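Scroll down for the structure; my scribbles are underneath it.
Everything quoted here is computed from the prediction, not taken from an experiment. In listed order, ligands and their atoms are each counted from 1.
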Amino acid sequence: MILHIDMDAFFASIEQAINPRLKGKPLIVGSRANKMRTVVCAASYEAKRLGIDSGMPSAEAFRICPHLEFVPADQSKYIWTSREILKLLEPYGLQLNYASIDEFQLDIRETREPLKLAADIRKKIEENFRITASVGIAKNWLLAKLASKLNKPDGVAMLTESNLAETLANVAAEKLCGVGQSTTQTLQSLGVLTCLDLYRKSASFLSQNLGKFGLNLFVSLHAEDSFSDLEQDANPKSVGHSYTLPWPTKTPGFIRGWLRLLSEMVAERLRQQELTAKVVHLGLGGPEIGHFSAQKTFSQASNDGYEIYLRAAKIMAKIGQNMPKIRFLGVTCSNLSSPEYAPLFKEQEKRERLLKTVDRINHRFGDRAIFPAIICQTRRSGQVPVSDTL
Ligand SMILES: [Mg+2]
């Protein structure tokens, strides 16, 4: 079982908790300070009730509600809160997945009373930060994430064998994470309207009609293994890391910094397991490009973060000169094998010694005690400081 925690209107709620004057008012948080020329990156529930939501141009939000309160986003506050919530969850001693800045997942297969745990976590979050979270509990992450939306805000939903069908029958298929506009249209044309319709379709039906995405959807919907099974797999077929940014960005230095960080994280795990990879897969998502994913096989296997980064960047270059806004980034390596031979060249040998030393330093002094300078640039650009996200 997975317990998925999703903060309610996270950025807006934090602003309201800090400034009581904003409490109970329709409020938007904008990604830029110019309130008429930005995009809503969070809306309070009071604003949501009027039909305002993230992704909407702020000018449109003000047309809907001229007396809307506006606050420019301050990432440091949100990141601080997110980290503190993470710290609050750690003592439960459960496998923990940091899914995004306002989403956390716990592996609760050993937990006897999940609802009690959910209540305890929600109470602690509210007491500590004066903001609320919604919780979903289900047999896998996809259904748990869906469940967390069912009783929002400040609610809990648990999907069990006995209520699963009844619950899914009342939820539109498009509510499921990953099911976007075009998928919804395809599904509708096939008569698949609710999550239950989707749940009852076979793997072959979904892969025939939606391709690889359909197959993944089937697997994710029916999986009974949680995220930690993937982590603990002794013989992984692939190693990957992904991250959802607080909001879409097209700042090249920032995107590259993130790409490098994810590449370094993947490389570190490959080295831990004494594996190298030939295939690099890049996944990008954003409001303008939807979901972009591509992979490339390289002749030399690698477990060097810089090399994996260069390869991922090469794949990203396919998008062309005009970088679209990116919200989601993922780097995955596959076609894994153990290194076949010792380094052939002096330079390679030197590089391997360097990486081993970096791993030893990080092992001894904690994650990211030492890291490539490019990752630091994301901090200087005023965006998410990378060390804060690990
Ligand atoms: Mg949320």
ask   = Can Lys314 and Tyr309 be counted as having a side-chain donor-acceptor contact under 3.5 angstrom?
value = no
ask   = For residues 175-191, which residue pairs qualify under side chain to side chain donor-acceptor pair (under 3.5 Å), counting only residues two or more places apart or in two chains?
value = none
remark   = Sorted by chain and number, sequence neighbours left out, salt bridge (charged side-chain N to carboxylate O under 4.0 Å, His left out) with Arg200 holds for none
ask   = Can you name the residues that form a ring-ring contact (aromatic ring centres under 6.0 Å, His included) with Tyr199, not counting sequence neighbours?
value = His222
ask   = Passes side-chain hydrogen bond (donor to acceptor under 3.5 Å, both in side chains), Gln105 versus Asn97? Steps please.
value = CA-CA 5 Å; Gln105 293 164 344; Asn97 186 32; 2.9 Å; yes
inquiry  = Whether the Asp74 and Ser76 side chains hold a donor-acceptor pair (N or O, under 3.5 Å, no angle test) is what I'd like checked.
reply    = yes
task = Starting from the Mg ion (ligand 1), count all protein N, O or S atoms within a radius below 2.8 Å.
result = 3
